Every structure is written in C-alpha cells, then in structure tokens.
Amino acid sequence: MPVSLCPALELFLDLLRCPRCRARLRPDLGALRCPASHTFDLARHGYVGLLTGTRATSGDDAAMVRARDRFLATGTYEPIRQAVARLAADAVPEQGTVVDVGCGTGYYLAGVLDQLPGARGLGLDTSVRALRSAARVHERAAAATWDVFRPFPLADGMADAVLDVFAPRNPTEFHRILRPSGRLVVVRPTGRHLAELRGRGPAVVTVDPAKEQRLQQALAPFFEATTTERVEYVTSLTSPKALDLVGMTPSARHLGPADLHADGFLPDQVTVSVLATAYRPLAGARAC
Ligand SMILES: C[S@@+](CC[C@H](N)C(=O)[O-])C[C@H]1O[C@@H](n2cnc3c(N)ncnc32)[C@H](O)[C@@H]1O
Ligand SMILES: [Zn+2]
C-alpha cells in the first residue's frame with residue numbers, strides 16, 4: 001500500500017516547490033510529483049524526501065538524534081525554547097507559517113506552534129533520523145529532507161518566521177522565503193555556553209570566538225537585528241543527562257566510552273549561554 005500524505009504535509013502543498021523545476025507538487029501514489037514527473041517519496045515516518053541525488057555531507061546520525069531527543073525531553077533547554085517562541089510569535093499572524101531550518105527533532109518548532117494555535121510549521125533537515133521525530137512532534141508540523149546550502153524547495157515569501165537554532169545558515173534563501181513582515185530567529189552559543197564541558201579533553205568542540213562576527217557579516221546584506229535575548233543559566237547535570245549533552249554534539253564522534261565514563265570527566269553542572277536574535281528582512285536585498 002502506498003504511504004498516504006500526512007495532514008501536516010497537506011497543509012504545505014501550496015508552498016512546496018519541485019526542487020528540480022520549481023513547479024508545484026501534488027500527492028500521487030505514496031509520493032509528491034510535479035507536472036514534469038519529478039518524484040519525491042513520502043516516508044512512512046511522515047516526512048517527504050525532497051533531497052534526492054547527491055547526499056548532503058552533514059547531518060546528525062541516529063545516536064546523536066537519540067541523545068538530543070532524550071536531553072531535550074528533560075526540559076533543560078526550555079528557557080531557550082521559550083525565547084524562540086516569544087521572538088517568532090511577534091511576527092506570525094494567526095494563520096501564519098513557520099519554517100525551522102536544521103530542525104533536528106523539531107523541539108523548537110513545536111514550542112513555537114504551541115504558542116500559535118492557527119499556524120503551520122515545516123522542519124527541514126538532512127538527517128532522516130531526526131525527521132522521524134520532527135514529523136511527529138506536533139500535529140501542525142510537517143517535515144522534509146533538505147540541505148540548507150541548496151535553494152530551498154519553497155515558494156518566495158511563504159514564511160512569517162524562519163527559525164535557525166544551532167544549525168547551519170543560508171541568508172540568501174532565508175531572505176527569499178520570508179515575507180517582508182517576517183522574522184528570522186537565530187539562536188547560537190556564546191563563548192560561555194557549556195564552558196564546563198570544554199577542557200575536559202582535547203576533542204570537546206569549542207566555540208570559535210570569531211563566529212559571532214562572521215554571523216553578523218553574513219546576515220548584514222539581507223537582515224537587520226531587531227531584538228536580542230541573552231538566555232543564560234547554570235543547570236545541574238545527572239550523569240545520563242551529561243552523557244546525552246555530549247552525545248548530541250559532534251564531540252561524541254571523537255570521544256570513546258573510556259573518556260566519557262572516566263571519573264570526573266563529565267561535570268555535575270553546566271552553564272547554558274546563548275543569544276537568540278530576531279532579524280527583519282531588508283527590502284531590496286539581493287544575493288551578490
Ligand atoms: C546542532 S543540531 C540542532 C538541531 C535543532 N535545531 C535543535 O537545536 O534541537 C544541527 C542540525 O542541523 C542539521 N544539519 C546539519 N547540516 C545540515 C544541512 N546541510 N542542511 C540541513 N540540516 C543540516 C543536523 O542534522 C542537525 O539536526
Ligand atoms: Zn519538477
């Protein structure tokens with residue numbers, strides 16, 4: 001039996017575009033198809049595979065996604081989720097549209113949709129394992145495989161809010177898909193984020209101090225910051241929570257079980273420190 005189109009994805013049919021020819025897509029026998037017969041399979045887990053051909057080189061693997069799911073379920077990042085929801089809700093009208101790029105398990109998208117009872121959401125990510133969770137995270141959240149570095153399979157000006165939480169960015173495409181009244185919400189770590197985890201081993205990933213400047217430079221031709229919230233607090237870590245916090249980062253790939261379980265390797269508390277900024281799109285901005 002062909003996989004049927006889930007209701008959340010149906011809400012997006014008017015806004016999705018064929019990645020190959022930009023035509024509209026229609027459901028047809030377990031797939032979405034354009035008039036030129038370019039075909040994109042619906043996964044039985046509820047997302048649509050729009051990313052075909054060459055595989056993206058980045059994206060979280062199954063172990064990282066499981067760790068992220070468990071960690072986020074503890075509520076430790078709830079203050080970040082609330083900040084994202086506040087910043088996005090300001091820009092999204094009652095029947096508005098939210099796109100979460102590099103959505104992972106869809107935790108932040110669900111938080112925004114909870115605040116906006118009439119809105120629809122779409123999560124994009126390269127990781128099919130993450131999208132299995134994202135496709136189920138909220139009844140109004142759809143999910144699709146996509147690589148942020150390629151032109152998005154979405155209509156111009158379709159989004160009231162674009163979320164980018166700890167994820168790669170594509171300012172040109174963010175600008176193209178946002179309505180003039182829309183907002184881009186970007187969350188990124190400050191130099192203090194998870195500082196206690198650093199220095200615990202040479203492999204634990206650090207925050208590059210020049211990253212903030214690079215972000216502002218990359219966004220400047222397209223966006224102007226309107227509001228920034230600093231979210232910073234210290235939270236206690238049980239051992240499983242600490243293991244998941246490391247496990248959901250790329251650091252996990254470099255650390256063996258012996259490192260992780262060594263006495264005193266993982267701290268019992270950690271600083272969470274991020275900046276969440278809402279950006280307004282600049283009129284007339286163009287890709288160089
Ligand atoms: C640090 S995680 C953040 C996930 C989610 N926003 C969150 O905070 O829970 C980064 C996410 O970006 C995704 N990702 C990495 N490279 C990507 C790409 N080129 N295009 C789309 N998603 C990508 C990963 O699979 C992962 O889900
Ligand atoms: Zn097509």
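Here the structure is a predicted model, which means the values were calculated and not measured. Just follow the structure's listing: the first ligand is 1, and inside any ligand the first atom is 1.
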Should V98 and V92 count as side-chain neighbours, where that means a heavy-atom distance under 4.5 Å?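 A side-chain contact exists here, since the closest heavy-atom pair is under 4.5 Å.
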Ring centres under 6.0 angstrom apart (Y108, Y77): no
Nearest non-hydrogen partners of T74 and F71, listed with the distance: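 Looking at all heavy atoms of both residues, the closest pair is OG1-O, 2.5 Å.
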Is it true that a side-chain atom of H175 and a backbone atom of L282 form a donor plus acceptor pair closer than 3.5 Å? yes
Counting heavy atoms only, name the option from T126, V65, I80 that's nearest to atom 14 (N) of ligand 1. T126
Pairwise side-chain contact, K211 with R188, heavy-atom cut-off 4.5 Å (strictly under): no
Does R169 count as lying over the ring of F174, i.e. NZ or CZ under 6.0 Å from the six-ring centre, within 45 degrees of the axis? no
One residue to check: L72. Relative to ligand 1, which of side chain, backbone, both or neither has a non-hydrogen atom less than 4.0 Å away? side chain
State which residues pass side chain to side chain donor-acceptor pair (under 3.5 Å) with D160; sequence neighbours excluded, sorted by chain then number. R179
Proximity flag Y108 to ligand 1, non-hydrogen atoms under 4.0 Å: yes
Could you tell me whether some N/O pair between T105 and ligand 1 is separated by less than 3.5 angstrom? no
List ligand 1 atoms under 4.0 Å from S127, heavy atoms only on the residue side. 25 (O)
Between M248 and ligand 1, which residue portion shows a heavy-atom distance shorter than 4.0 Å: side chain, backbone, both, or neither? neither
Do R120 and F12 meet the cation-pi criteria used here (NZ or CZ under 6.0 Å from the six-membered ring centre, within 45° of the axis)? yes
Any N/O pair D125/ligand 1 closer than 3.5 Å: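 Yes: some nitrogen or oxygen of D125 is under 3.5 Å from one in ligand 1.
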Any donor-acceptor N or O pair under 3.5 Å, side chains T271, E196: yes
Nearest heavy atom to atom 5 (C) of ligand 1: which of A130, G59, G102, A167 does it belong to?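 Minimum heavy-atom distance to atom 5 (C) of ligand 1 goes to G102.
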Atoms of ligand 1 under 4.0 Å from any heavy atom of R68, numbered from 1 in the order shown, are 1 (C), 2 (S), 3 (C), 7 (C), 8 (O), 9 (O)
Any nitrogen or oxygen of D147, main chain or side chain, under 3.5 Å from a nitrogen or oxygen of ligand 1?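 Yes: some nitrogen or oxygen of D147 is under 3.5 Å from one in ligand 1.
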Decide yes or no for R136 and Y47: does some side-chain heavy atom of the first lie under 4.5 Å from some side-chain heavy atom of the second? no
I'd like to check V112 versus D100 (side-chain heavy atoms, cut-off strictly below 4.5 Å). Are they in contact? no
Could you tell me, atom by atom, which parts of ligand 1 come under 4.0 Å of a heavy atom of F166?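 Here the atoms of ligand 1 in question are 1 (C), 2 (S), 3 (C), 8 (O), 10 (C).
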Please report whether ligand 1 has a polar contact with V165, defined as an N or O pair separated by less than 3.5 Å (distance criterion only). yes
Protein N, O or S atoms under 2.8 Å from the Zn ion (ligand 2):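 The number of such protein atoms is 4.
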So, do P19 and T52 sit near enough that their side-chain heavy atoms are less than 4.5 Å apart?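 No. Closest side-chain heavy atoms not under 4.5 Å.
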Working for side chain to side chain contact (heavy atoms under 4.5 Å, CB included), residues T105 and V65: CA-CA 7 Å; T105 59; V65 173; 3.9 Å; yes
Any side-chain heavy-atom pair from V187 and V231 closer than 4.5 angstrom?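 Not touching, per the 4.5 Å side-chain cut-off.
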If we number the atoms of ligand 1 from 1 as shown, the ones under 4.0 Å from a heavy atom of V148 are 18 (C), 19 (N), 20 (N), 21 (C)
Provide the number and element of each atom of ligand 1 under 4.0 Å from a heavy atom of F149. 19 (N)
Look at ligand 1 and say whether W146 reaches it with a heavy atom at a distance under 4.0 Å.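 A heavy atom of W146 does come that close to ligand 1.
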Element-labelled atoms of ligand 1 that are located less than 4.0 Å from some non-hydrogen atom of C103: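 It comes down to these atoms of ligand 1: 5 (C), 6 (N).
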